[in-house]
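The structure appears below as structure tokens.
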Amino acid sequence: MDLVDLVADRPRDYELHVHALVLLHADVAGPVLSRNIPQATEILHALASHTRDENGSWPEFQEMDQVMLWLWRIARYADRTANWDLLEAAATALFTWDASYDQWTPQDSIRPWLAGITGHAAHIVASLLREHPGSACHYSAVAADRRAHQEIRAAVFTTD
């Protein structure tokens, strides 16, 4: 049994998701997750549910950054490979974590990615940002970037 199968078999295991899974390099994890989208969706959904540990405590800031950056890398991989189901699952988990924790370090990487998304990926990501306004507000600067896709700009636009 490999790590991905182990993580899939233990969706409530905070340590496996937050400390082990995210150590897999995205260039390895992306293709592995792509082979079984239903399993990948379950894993990423479980990771999204782990914004608090078993005791209800917040992760350390470094852990938050690590999880968010890993999810962003998986989302980028899915975007590059036009794997729309994986993109949706990874971005959903990413925006769930981002809404829970306003972490500037990962946001500094995510922001230019959001500004550069095009085509069907932009439609998917914009829809998810609208579903996660607590995350979308962290990227309001993208609304002023005329190079960004119109759907992304509209999804992060705030009036406050």
Side-chain angles (χ1 to χ4, degrees), residues 4 7-8 11 17-18 21-52 58-59 61-160:
V4 172
V7 171
H17 283 80
V18 174
L21 177 66
V22 300
L23 294 180
L24 284 176
H25 195 279
D27 290 342
V28 173
V32 170
L33 292 170
S34 292
R35 285 192 294 243
N36 186 340
I37 294 300
Q39 180 188 56
T41 300
E42 289 176 17
I43 289 169
L44 295 168
H45 177 75
L47 181 55
S49 74
H50 289 299
T51 57
R52 301 283 192 274
W58 285 26
F61 289 121
Q62 181 181 359
E63 293 170 334
M64 293 176 205
D65 289 354
Q66 188 173 25
V67 169
M68 289 174 61
L69 287 168
W70 187 81
L71 288 166
W72 165 67
R73 289 180 184 109
I74 297 301
R76 279 188 356 192
Y77 169 83
D79 179 16
R80 284 193 315 270
T81 60
N83 189 328
W84 308 133
D85 293 331
L86 183 59
L87 174 61
E88 182 174 353
T92 296
L94 172 61
F95 298 146
T96 299
W97 273 77
D98 187 54
S100 295
Y101 311 112
D102 187 8
Q103 292 298 106
W104 297 348
T105 299
Q107 290 168 357
D108 287 345
S109 296
I110 297 164
R111 192 173 296 106
W113 173 67
L114 289 176
I117 295 173
T118 60
H120 191 60
H123 174 73
I124 291 168
V125 171
S127 174
L128 294 170
L129 284 165
R130 286 189 296 275
E131 291 176 19
H132 295 86
S135 176
C137 66
H138 299 155
Y139 305 101
S140 60
V142 175
D145 187 338
R146 294 200 180 275
R147 296 168 297 167
H149 192 281
Q150 183 59 36
E151 283 189 77
I152 298 290
R153 292 175 67 199
V156 299
F157 179 76
T158 60
T159 57
D160 40 32

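- In this structure, the side chains of Arg153 and Arg146 come closer than 4.5 Å at one or more pairs of heavy atoms.
- Partners of Asp145 according to the salt bridge (charged side-chain N to carboxylate O under 4.0 Å, His left out) rule, which considers only residues two or more places apart in sequence or in another chain, are Arg147.
- The side-chain hydrogen bond (donor to acceptor under 3.5 Å, both in side chains) pairs that include a residue from residues 40-49 number zero, where partners must be two or more places apart or lie in different chains.
- The shortest heavy-atom contact between Met68 and Trp97 is CG-CB, 3.8 Å.
- Of the possible donor and acceptor atoms, none in the side chain of Trp58 sits under 3.5 Å from a partner among the backbone N and O of Met64.
- The side-chain hydrogen bond (donor to acceptor under 3.5 Å, both in side chains) pairs that include a residue from residues 65-77 are Asp65-Gln103, where partners are two or more places apart or lie in different chains.
- Here side-chain hydrogen bond (donor to acceptor under 3.5 Å, both in side chains) pairs that include residues 85-94, with residues two or more places apart or in two chains, number zero.
- Looking at heavy atoms from C-beta onward, Leu128 lies out of side-chain contact with Leu94 at the 4.5 angstrom threshold.
- In this structure Asp27 satisfies the salt bridge (charged side-chain N to carboxylate O under 4.0 Å, His left out) test with no other residue, sequence neighbours excluded.
- Closest of all the heavy-atom pairs between Ala122 and Glu151 is O-CB, 4.4 Å.
- Side-chain N/O atoms of His138 and Asp98 include a donor and acceptor closer than 3.5 Å.
- Taking both residues in full, the closest heavy atoms of Leu24 and Ala29 are given as CB-CB, 4.0 Å, listed atom of the first, atom of the second, then distance.
- In this structure, Gln150 places its CD atom where more than 12 heavy-atom neighbours from other residues, nucleotides or ligands lie under 6.0 Å away.
- Partners of His17 under the ring pair (Phe, Tyr, Trp, His ring centres under 6.0 Å) rule, at least two apart in sequence or in another chain, are His50.
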